[in-house]
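Atom set for the values below is all heavy atoms of this structure, side chains included, hydrogens, waters and symmetry mates excluded.
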Amino acid sequence: MRTINDNLPVEPVPTESATDSATEKEPAEAAAAPAPWYRRPAVLPWAWATGLCLLYATVAVRRHQLLRTTGYDLGIFEQAVRAYAEFRAPVVPLRGPGFHLLGDHFHPLLAALAPLYRLWPSPLSLLLAQSALLALAVVPLARWARRALGARAAHAVAAGYGLSWGIASAAAFDFHEVALAVPLLAFSLEALAHRRWRAAVAWAAPLLLVKEDLGLTLAAVGVYVAVKGPRRLGIAAAAVGLLGSLVEIKLLLPAFNPGGDYAHGGNLADGHGSLLSTLAHAPLDALRPDVKALTLILVFAPSALLALRSPLAMIAVPTLAWRMLSENPFHWGTAYHYSAILMPVVFAGLIDVLSREKVVRNVRASLATVLAVTAVMIPAFPLAQLVQRPTWRTTPHIEAARALLARIPDGATVAASNRLAPQLTSRCEVVIFPTFPVDTRLDRRETGPLPAPTAEWIVYDSVPPEAWPQKSGPWPYPVEQQEAELRAAREKHGYEVVAARDGVTLLRHALR
């Protein structure tokens, strides 16, 4: 019976007699010709990373050109990175007056993007950086797969990861700090596979600076190291991860937050009256409503569910736990960026399981299933936008919006509709129109009259383009309330209409 090792591409090791014979017959053939550069093992992972980066960048940039990106969230992150690039604190007007963004989520590692933004001050710099970061994670995964399973398997793993719905959903929805964490975790997982324990912890440690919950992922890496490798190192890493998340949530985030507390603490409120009762109900709460169970299945589906057989799957537990126990419905489904950090874990688990499989036929069948699942799921997620006609058509509405936005001078203060905001954040100070009164809760809405606008300009889009995963329509308030605020700006607050085209209205305050 053939084993998996029979299928590995290995360099021939000639015997003494074979070498002598080759030398006698044809000396030129005795020395193997070097492989072309494009067939060398080191090229495969980087070739995939380059191709995936171009794929993600095409989707992201085209979305921005079609006005499908949003102030919440691309505009927010651009204002933060722009502040870092200008050596200022990340105060973000889109989140509220004087709102320090480290009081929302703890992501100081965003400052690493400041040099790039200083060279190219544009939202596209963030979108391209995210594309590169998400693509970079394929390098350790494909490299590990090639060493363990061979070149063909490495191609299958790279395609499965690169086209997975979790990565596609992140690449095609604005920019988010989690993009920084994806390659860090992928390199850490590769190090775990090769028992390079210190390297694994070193790669995972910066997760503490990406988002406050990722200290728990560092702790999960530490637990794995403690079980499989040096116990002291693993325990130390787990302790640092747990303590780091606790300090960020309990001390640092409230210190930066204008409201003095953790902005997202309400998502994990005691849903059953007490902590003990909440813990007792947690297993059922993690599976209800049904969308949670579906998401849990879909997370591991790209690996044909094989990743569940790997102990590496435990590293996904912290992220899955807080999402399924959250009271925010956005956390339960497959949209947005929340599953990107899970995809390296899923494919690391897949490689781990297949590398221990002894029957070549089983490995091939598993990889074929992975590719089939990947192909079946692509149409339901945003990479499919690349073959849709609307993606490549610029409508009169978009042209009208661009023309009116061009009339706003650099440095102006602007109240803009959500999907117009990121078109301006690189050159203006932008808030959402109508004013979105956010203090410590993202879901707060005002039903009465809003505060009078203070921006010099207002640009309002009554028919914003549809943008996956959001439905078409104004945000954050119903269209009737937004139209009423637009009338009030003209009739009560001294704004005059400068131009109006195809549902887009541009106003300027007469005295500012």
Side-chain angles (χ1 to χ4, degrees), residues 48-49 51-60 62-63 68 130-131 134-135 137-138 141-142 145 152-174 176 178-179 182 186 287 289-310 313 316 319-320 323-324 329-351 353-354 364-391 466-471:
W48 268 102
L52 291 174
C53 180
L54 292 174
L55 178 69
Y56 304 152
T58 301
V59 175
R62 190 58 187 156
R63 287 185 77 252
R68 295 179 179 180
Q130 175 171 263
S131 299
L134 295 175
V138 82
L141 296 173
R152 292 182 180 179
H155 286 297
V157 168
Y161 165 82
L163 303 177
S164 63
W165 65 265
I167 297 299
S169 297
F173 181 64
D174 291 13
H176 294 89
V178 73
V182 174
L287 298 175
D290 293 344
V291 65
K292 294 182 179 180
L294 177 61
T295 296
L296 289 173
I297 294 172
L298 291 178
V299 162
F300 293 96
S303 70
L305 303 183
L306 291 175
L308 290 169
R309 292 170 47 191
S310 169
T319 296
L320 289 173
R323 284 181 58 191
M324 297 302 107
F330 289 142
H331 295 157
W332 305 339
T334 56
Y336 306 105
H337 57 288
Y338 300 112
S339 297
I341 193 68
L342 300 173
M343 294 298 104
V345 180
V346 169
F347 282 90
L350 171 68
I351 301 168
V353 170
L354 293 184
R364 291 174 176 170
S366 298
L367 291 173
T369 304
V370 166
L371 293 177
V373 171
T374 299
V376 166
M377 297 183 73
I378 286 176
F381 291 93
L383 291 183
Q385 294 173 9
L386 289 175
V387 296
Q388 296 170 355
R389 184 176 298 177
T391 301
E466 185 171 354
W468 181 96
Q470 300 169 322
K471 297 179 181 179

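Atom CG of residue L298 and atom OG of residue S164 lie 12.0 Å apart, to the nearest 0.5 angstrom. Taking CG from L354 and CZ from R309, the interatomic distance works out to 8.0 Å, rounded to the nearest 0.5 Å. Here NE2 of H176 is found 14.0 Å from CD1 of I341. Values are rounded to the nearest 0.5 Å. Of the inter-residue distances, the one linking F300 atom CZ with L306 atom CG reads 11.5 Å to the nearest 0.5 angstrom.
Minimum interatomic distance between A137 and V182 (heavy atoms only, all atoms of both residues): CB-CG1, 3.6 Å. Of all non-hydrogen atoms in S131 and C53, the two that sit nearest each other are CB-O, 3.8 Å. Contact record, I167 with A340: CD1-O, 3.8 Å, taken as the closest heavy-atom pair. Residues A335 and Y338 come closest through the heavy atom pair O-CD1, 4.0 Å.
Put simply, the side chain of W48 never gets that close to the backbone of G162: no donor and acceptor are under 3.5 Å apart. Put simply, the side chain of Q130 gets close to the backbone of A170: a donor and an acceptor are under 3.5 Å apart. Proximity of a side-chain donor or acceptor of S303 to a complementary backbone N or O of L350 within less than 3.5 Å is not detected.
For S310, the side-chain hydrogen bond (donor to acceptor under 3.5 Å, both in side chains) test picks out D352, with sequence neighbours left out. Remark: S339 pairs with R323 by the side-chain hydrogen bond (donor to acceptor under 3.5 Å, both in side chains) rule, at least two apart or across chains. With sequence neighbours excluded, the residues forming a salt bridge (Lys or Arg N to Asp or Glu O under 4.0 Å) with R63 are D174, listed by chain and number. Every residue meeting the ring pair (Phe, Tyr, Trp, His ring centres under 6.0 Å) condition with Y336, not counting sequence neighbours, appears here in chain and number order: F173, F330. Residues satisfying the side-chain hydrogen bond (donor to acceptor under 3.5 Å, both in side chains) test with R62, not counting sequence neighbours, are Q65, T394.
Proximity of T295 to M324: side-chain heavy atoms (C-beta onward) are separated by under 4.5 Å at one or more points. No side-chain heavy atom of L141 sits under 4.5 Å from any side-chain heavy atom of M343. Within the 4.5 Å cutoff, the side chain of T334 has no heavy atoms near those of the L294 side chain.
Using a 30° and 60° split on the angle between ring planes, F347 and Y161 fall in the perpendicular class, above 60°.
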Which atom pairs, donor and acceptor, lie under 3.5 Å between side-chain atoms of residues 365-379 and protein residues at least two apart or in another chain?
residue : atom : partner : partner atom : Å
S366    : OG   : N362    : O            : 2.9
T369    : OG1  : A365    : O            : 2.9
T374    : OG1  : V370    : O            : 2.8

W332 vs D290, side chain to side chain contact (heavy atoms under 4.5 Å, CB included): CA-CA, chis, key distance, verdict:
CA-CA 9 Å; W332 305 339; D290 293 344; over 6 Å; no
Test side chain to side chain contact (heavy atoms under 4.5 Å, CB included) applied to L134 and L52, step by step
CA-CA 8 Å; L134 295 175; L52 291 174; over 6 Å; no
